Structure formats: structure tokens, C-alpha cells
Asks: 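Below is one structure. I have some questions about it.
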Amino acid sequence: MVRFKNRYVLCEVVSEDPRCRQCIEDRAVGLAVRDAIGRVHGDYGLACCSISFTVKYLNAYTGTVLLRCRKDFYRLLCSALPFVRQLESRNQRYPCALHTLHVGGTIRTCQKFLIQYNRRQLLMLLQNCTNEECPRCIQKSLLSCSLTEEQPPSGDEEDDDGIE
């Protein structure tokens with residue numbers, strides 16, 4: 001049994017239009033990257049990178065994208081990423097660029113890097129605050145962030161145990 005080694009490329013979607021981030025889908029990112037690889041490296045590069053190329057993770061709110069490809073061909077992928085100029089989603093084209101943040105051997109190393117990167121970005125944001133109110137607002141918004149499950153509105157629905 002042979003284990004195929006992969007590389008994970010962590011990218012950030014950079015765009016002037018804030019609507020671009022909310023409208024992107026993993027399929028659109030994959031098609032744009034494959035198109036760029038085909039333009040830059042031709043059929044050979046496209047065939048090499050397409051063997052195990054997938055979009056493993058996409059966070060539309062932060063614009064973070066995690067791409068997977070074979071270890072032998074990750075340089076072809078990384079060299080084609082600057083040539084992604086737009087993403088097409090829902091029949092609209094959004095001008096943007098993919099900025100490579102990190103290349104790792106596992107998803108876990110990319111996650112660790114992303115945590116450190118976000119901490120550095122937050123510190124830079126806090127240092128660039130001009131008044132005293134700004135850090136308090138940032139701290140308040142961070143503390144108010146939480147992941148909760150949506151509860152169905154009470155009233156018309158039946159109880160879980162079937163008793164009305």
C-alpha cells in the first residue's frame with residue numbers, strides 16, 4: 001500500500017468589494033484555480049495538479065481557502081495562484097486575488113498557522129486604533145461572538161415527545 005503525500009495551501013481571498021467574500025463558493029474557487037493553472041502551465045500542468053486537487057475548506061466570512069494537491073506538484077499550484085483575477089459565482093464576476101499565506105503538509109499545521117496569523121492581525125488592528133473607544137468596541141465584539149445552534153421558534157411546533 002502506497003501513501004500519497006499531499007500539500008495544503010492556505011490562501012486568503014483579497015478583494016475590494018466586500019460582497020465578493022460572502023458570495024464565493026468552493027466550486028467557484030476550484031474552477032478559477034484550475035483555469036489559472038491551465039493558462040499558466042498548459043495541459044501538462046493542469047493534468048498534474050488535477051490528480052488530487054480539491055478545495056478542502058472555504059470560509060466565506062474571513063475569505064480563507066484551503067487547497068489540497070499532490071506533494072510533487074504544489075509548486076505548479078502556488079505559481080498559478082497569482083493569476084486568479086476573478087471569481088464567478090451565481091452568474092456574477094467578482095474581481096479578486098488569492099494571496100498565499102502558508103503551505104503545509106497537514107491540515108492541522110495550516111490550522112495552527114491560521115490561529116497565529118489571526119492573532120497577529122488582531123494585534124495589528126488594535127495597535128492601529130486612533131481613539132480609546134476603538135479597542136473597547138473590538139473587545140466587546142470579540143466577546144459577543146459565539147457559535148450557537150438556532151432554536152426553532154416556540155409556538156406552532158409539537159414537543160419532541162409527541163405530547164401536545
Side-chain angles (χ1 to χ4, degrees), residues 4-131 134-135 137-142 144-147:
F4 293 109
K5 293 189 178 183
N6 295 312
R7 286 291 176 255
Y8 297 90
V9 181
L10 185 65
C11 302
E12 179 180 34
V13 177
V14 180
S15 175
E16 293 177 7
D17 186 11
R19 294 178 297 158
C20 175
R21 285 186 178 173
Q22 279 81 30
C23 296
I24 59 175
E25 300 169 345
D26 55 348
R27 184 175 164 268
V29 173
L31 290 174
V33 170
R34 287 174 201 229
D35 182 51
I37 293 170
R39 281 185 282 131
V40 174
H41 298 293
D43 291 337
Y44 173 75
L46 185 60
C48 290
C49 290
S50 293
I51 294 172
S52 71
F53 174 77
T54 56
V55 178
K56 294 299 283 183
Y57 174 74
L58 171 69
N59 188 333
Y61 295 107
T62 61
T64 305
V65 180
L66 186 65
L67 306 171
R68 181 188 77 184
C69 71
R70 284 273 176 92
K71 179 183 176 183
D72 300 333
F73 307 113
Y74 80 93
R75 287 186 182 97
L76 292 176
L77 173 66
C78 290
S79 65
L81 288 178
F83 294 97
V84 175
R85 295 287 179 218
Q86 63 186 3
L87 293 175
E88 187 173 344
S89 179
R90 300 182 187 123
N91 295 326
Q92 288 190 352
R93 294 182 182 198
Y94 299 99
C96 66
L98 289 178
H99 179 248
T100 304
L101 298 176
H102 180 72
V103 177
T106 63
I107 294 175
R108 186 178 180 127
T109 59
C110 292
Q111 286 175 333
K112 288 179 181 179
F113 174 83
L114 190 59
I115 291 169
Q116 293 300 319
Y117 176 77
N118 287 334
R119 284 183 181 162
R120 286 192 306 261
Q121 293 294 101
L122 183 61
L123 286 175
M124 286 178 21
L125 180 69
L126 289 172
Q127 289 173 353
N128 292 335
C129 288
T130 56
N131 58 13
C134 184
C137 290
I138 292 172
Q139 184 179 16
K140 183 180 177 182
S141 64
L142 283 175
S144 68
C145 292
S146 65
L147 296 174

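Since we're looking at a predicted model, the values are computed, not measured.
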Asks: Find out whether Thr54 and Leu67 are in side-chain contact, i.e. whether some heavy atom of one side chain is under 4.5 Å from a heavy atom of the other.
Replies: no
Asks: Applying side chain to side chain donor-acceptor pair (under 3.5 Å) as the test, list every pair that has at least one member in residues 119-131; sequence neighbours left out.
Replies: none
Asks: What side-chain donor-acceptor pairs closer than 3.5 Å can you find for residues 43-51, not counting sequence neighbours?
Replies:
residue : atom : partner : partner atom : Å
Ser50   : OG   : Leu46   : O            : 2.7

Asks: Suppose the criterion is salt bridge (Lys or Arg N to Asp or Glu O under 4.0 Å): which pairs have a residue in residues 29-41, not counting sequence neighbours?
Replies: Asp35-Arg39
Asks: Tabulate below the donor-acceptor pairs under 3.5 Å that side-chain atoms of residues 81-92 make, not counting sequence neighbours, or state none.
Replies:
residue : atom : partner : partner atom : Å
Arg85   : NH1  : Pro82   : O            : 3.4
Ser89   : OG   : Cys23   : O            : 2.6
Gln92   : OE1  : Tyr94   : OH           : 2.7

Asks: From Leu125 CG over to Cys134 SG, what is the distance, rounded to the nearest 0.5 angstrom?
Replies: 6.5 Å
Asks: Kindly write out the residues that satisfy side-chain hydrogen bond (donor to acceptor under 3.5 Å, both in side chains) with Thr64, not counting sequence neighbours, or none if the list is empty.
Replies: Thr62
Asks: Could you check whether any side-chain N or O of His41 sits under 3.5 Å from a backbone N or O of Leu76, counting only pairs where one atom can act as donor and the other as acceptor?
Replies: yes
Asks: Please name all residues satisfying side chain to side chain contact (heavy atoms under 4.5 Å, CB included) with Asn6, sequence neighbours left out, ordered by chain then number.
Replies: Tyr8, Ser52, Arg68, Arg70
Asks: Taking atom CG of Leu122 and atom CG of Asn118, what is their separation to the nearest 0.5 Å?
Replies: 8.5 Å
Asks: Could you work out, with side-chain hydrogen bond (donor to acceptor under 3.5 Å, both in side chains) as the rule, every residue matching Thr100, not counting sequence neighbours?
Replies: none
Asks: Could you pull out all residues at least two apart from Tyr57 that satisfy side-chain hydrogen bond (donor to acceptor under 3.5 Å, both in side chains)?
Replies: Asn59
Asks: Return the set of residues passing side-chain hydrogen bond (donor to acceptor under 3.5 Å, both in side chains) with Thr106 (not counting sequence neighbours), or none when no residue passes.
Replies: Thr109
Asks: Please identify each residue that fulfils salt bridge (Lys or Arg N to Asp or Glu O under 4.0 Å) with Arg27, with sequence neighbours left out.
Replies: none
Asks: Only counting residues at least two apart or in another chain, list the ones meeting ring pair (Phe, Tyr, Trp, His ring centres under 6.0 Å) with His102.
Replies: Phe113
Asks: Between atom CG of Leu10 and atom OH of Tyr117, what is the distance when rounded to the nearest 0.5 Å?
Replies: 9.0 Å
Asks: Restricting to side chain to side chain contact (heavy atoms under 4.5 Å, CB included), what partner residues turn up for Lys5, sequence neighbours left out?
Replies: Arg3, Lys71
Asks: When rounded to the nearest 0.5 angstrom, what is the spacing between NZ in Lys56 and CG in Leu66?
Replies: 8.5 Å
